[in-house]
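Here is the structure we will look at.
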Amino acid sequence: MDEVILSKGRDRSVRRRHPWVLSGSVARVEGSPGPGDTVGVRSAEGERIGFGHYSPQSQIRVRLLGFGKEAPDEGLLVERVRSAVERRRSDPLLFGTDAIRLVNAEGDGLPGLVVDRYAECVVMRCSSAGMVARAALLAAALRDATGVRTGVRRDDSVAARREGFEARQEVLFGEAPEGPIAIDERGRRYLVDVLHGQKTGFYLDQRDARDLVERLARGRRVLDLFSYTGGFSVAAARGGASEISLVDSSAGALAVAARHLEPVAGEIAIRSVEADGFRFLRTDPGMYDLLVLDPPPLAKRRGDVAHASRAYKDLVLHALGRAAPGAFLLAFSCSHAIDPVLFRQIVFGASLDAGRSPQVLAALGPPSDHPVSIDHPEGAYLGGLLLRA
Ligand code: SAH
């Protein structure tokens with residue numbers, strides 16, 4: 001087997017079970033592993049400390065799958081897929097929905113792989129050379145473990161460029177979905193376009209926050225900023241909101257949101273605005289009693305943190321200006337680089353500038369089908385606060 005030898009002292013993170021070997025930690029490579037090949041990882045002293053998938057072009061040079069001396073066989077991946085699916089099946093927190101994240105990359109011991117299930121269709125998203133090289137094996141494992149009719153592969157194109165593979169969009173098994181797939185999330189009905197929607201089609205990571213919005217919405221004027229297809233708006237409508245404004249820069253997403261809200265459009269005043277969310281908040285004269293701020297990742301790298309912090313602060317500052325007394329505000333960040341402590345500081349800075357002193361009611365995060373490995377803090381990307389203005 002080919003081997004990656006680490007520089008002196010760089011074995012520490014592997015011994016602490018961190019699943020990534022970064023290119024800067026690699027002293028040399030023995031043999032000539034190709035993209036996605038399984039390699040052994042050795043300390044500078046020559047001790048075998050783990051195994052993983054090799055990515056010759058990526059900054060994440062090896063994604064580790066095991067930390068022993070024995071090389072795992074390919075059956076390990078199949079077994080991890082099976083147990084990831086099994087854990088969701090027996091998870092009491094995941095009741096009442098036919099749309100679930102089945103595999104959450106490092107969180108399920110499968111770095112480079114995300115799988116979402118929408119009713120009878122699974123969508124597999126590869127972001128590493130190792131998973132791309134095993135796509136057929138993984139598809140078969142998913143089909144066996146779930147028994148669903150259709151499997152679709154929809155790779156992450158940004159990761160594909162970084163890793164040097166060709167992003168695929170293809171049907172893995174079964175018939176290609178003819179249109180959007182209808183899902184039922186605790187009574188909330190959505191249409192998910194697995195072939196053309198963002199990511200795998202829908203933001204399953206906000207399921208519990210949608211439950212919360214449904215409980216908070218009664219009689220309230222709602223602003224769903226960065227609404228995508230109106231996940232939160234549908235929740236607010238079910239919860240008895242009096243009016244709902246959706247804002248997103250994607251006309252396509254707003255068109256789907258309009259379909260989602262059609263059944264209630266006669267009873268609730270709904271306004272859909274195609275605009276830049278930041279500009280909208282600065283110019284909109286509306287007042288709201290329930291505001292959801294769910295922007296796209298503003299900091300993709302550590303280097304973006306200062307800029308992203310200013311952008312978030314700006315957002316929260318102007319949102320507070322549009323919040324009626326007693327309004328609920330759900331503010332989210334989906335950048336790992338903005339950790340919960342920093343996010344709270346940003347919200348604090350915005351409240352000082354706004355001359356408001358909101359109460360923090362709860363910390364928000366993704367549901368249990370998006371587990372984070374304790375070994376891999378980078379896996380925690382989505383966080384938020386529930387505030388009362
Ligand atoms: N709240 C959504 C998910 C939001 S994802 C849900 O629960 O389903 C972020 C959204 O922000 C995407 O729909 C994207 O189209 C939109 N977006 C990105 N940049 C934007 C901008 N500058 N102004 C408004 N919307 C933007």
Side-chain angles (χ1 to χ4, degrees), residues 97 99-101 114 116 118 123 156 158 180-181 183 185-186 188-194 196-214 216-217 222-239 241 244-261 271-284 288 290-300 304 307-308 310-316 318-319 322 328-335 338 364-367 369-370 381-386:
T97 177
I100 280 185
R101 173 149 299 187
V114 158
D116 287 338
Y118 300 108
V123 186
D156 180 339
V158 176
I181 295 171
I183 61 165
E185 181 189 77
R186 299 178 182 154
R188 299 181 292 266
R189 304 294 178 93
Y190 300 103
L191 296 170
V192 180
D193 187 339
V194 298
H196 310 101
Q198 295 180 16
K199 303 286 177 82
T200 66
F202 195 63
Y203 290 92
L204 294 172
D205 53 3
Q206 292 288 25
R207 182 188 309 111
D208 287 358
R210 287 189 283 270
D211 288 351
L212 191 60
V213 162
E214 193 169 326
L216 295 173
V222 175
L223 174 64
D224 184 359
L225 196 61
F226 308 99
S227 65
Y228 187 47
T229 57
F232 285 110
S233 292
V234 169
R238 269 176 62 89
I244 302 176
S245 300
L246 301 87
V247 182
D248 203 280
S249 56
S250 161
L254 289 172
V256 179
R259 285 185 68 185
H260 289 158
L261 293 165
R271 178 171 65 131
S272 173
V273 186
E274 182 190 335
D276 173 75
F278 297 88
R279 197 165 313 139
F280 173 87
L281 267 192
R282 267 184 250 120
T283 51
D284 172 58
Y288 306 93
L290 173 55
L291 301 90
V292 181
L293 311 178
D294 188 21
L298 300 180
K300 297 233 166 71
D304 301 337
H307 174 80
R310 281 193 296 275
Y312 275 120
K313 182 178 166 188
D314 186 63
L315 209 54
V316 177
H318 288 99
R322 308 264 52 85
F328 292 118
L329 177 63
L330 287 83
F332 295 100
S333 156
C334 60
S335 312
I338 309 271
L364 309 172
D369 52 342
H370 293 66
Y381 64 96
L382 175 66
L385 291 173
L386 170 62

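In each ligand, atom 1 is the first atom listed, and ligand 1 is the first ligand listed. Reckoned from all heavy atoms, side chains included, excluding hydrogens, waters and symmetry mates. What you see is a predicted model; the values in this text were computed from it and never measured.
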- Note on the structure: Pocket residues around ligand 1 (non-hydrogen, under 4.0 Å) come out as Q198, Y203, R210, F226, S227, Y228, F232, D248, S249, S250, A275, D276, G277, D294, P296

- Message: Tell me if the aromatic rings of F328 and Y288 count as close, with their centers under 6.0 Å from one another.
- Response: no

- Please name all residues satisfying side chain to side chain donor-acceptor pair (under 3.5 Å) with D276, sequence neighbours left out, ordered by chain then number. none

- Message: Which label fits F332 and F232: parallel for a plane angle under 30°, tilted from 30 to 60°, or perpendicular past 60°?
- Response: parallel

- Item | Residues E214, R186: salt bridge by 4.0 Å N-O rule | no

- Task: Quick one: list whatever passes salt bridge (Lys or Arg N to Asp or Glu O under 4.0 Å) with R271, sequence neighbours left out.
- Result: D284

- Task: Would you please name every residue forming a side-chain contact (heavy atoms from CB on, under 4.5 Å) with V247, sequence neighbours left out?
- Result: L223, L225, V273, A275, F280

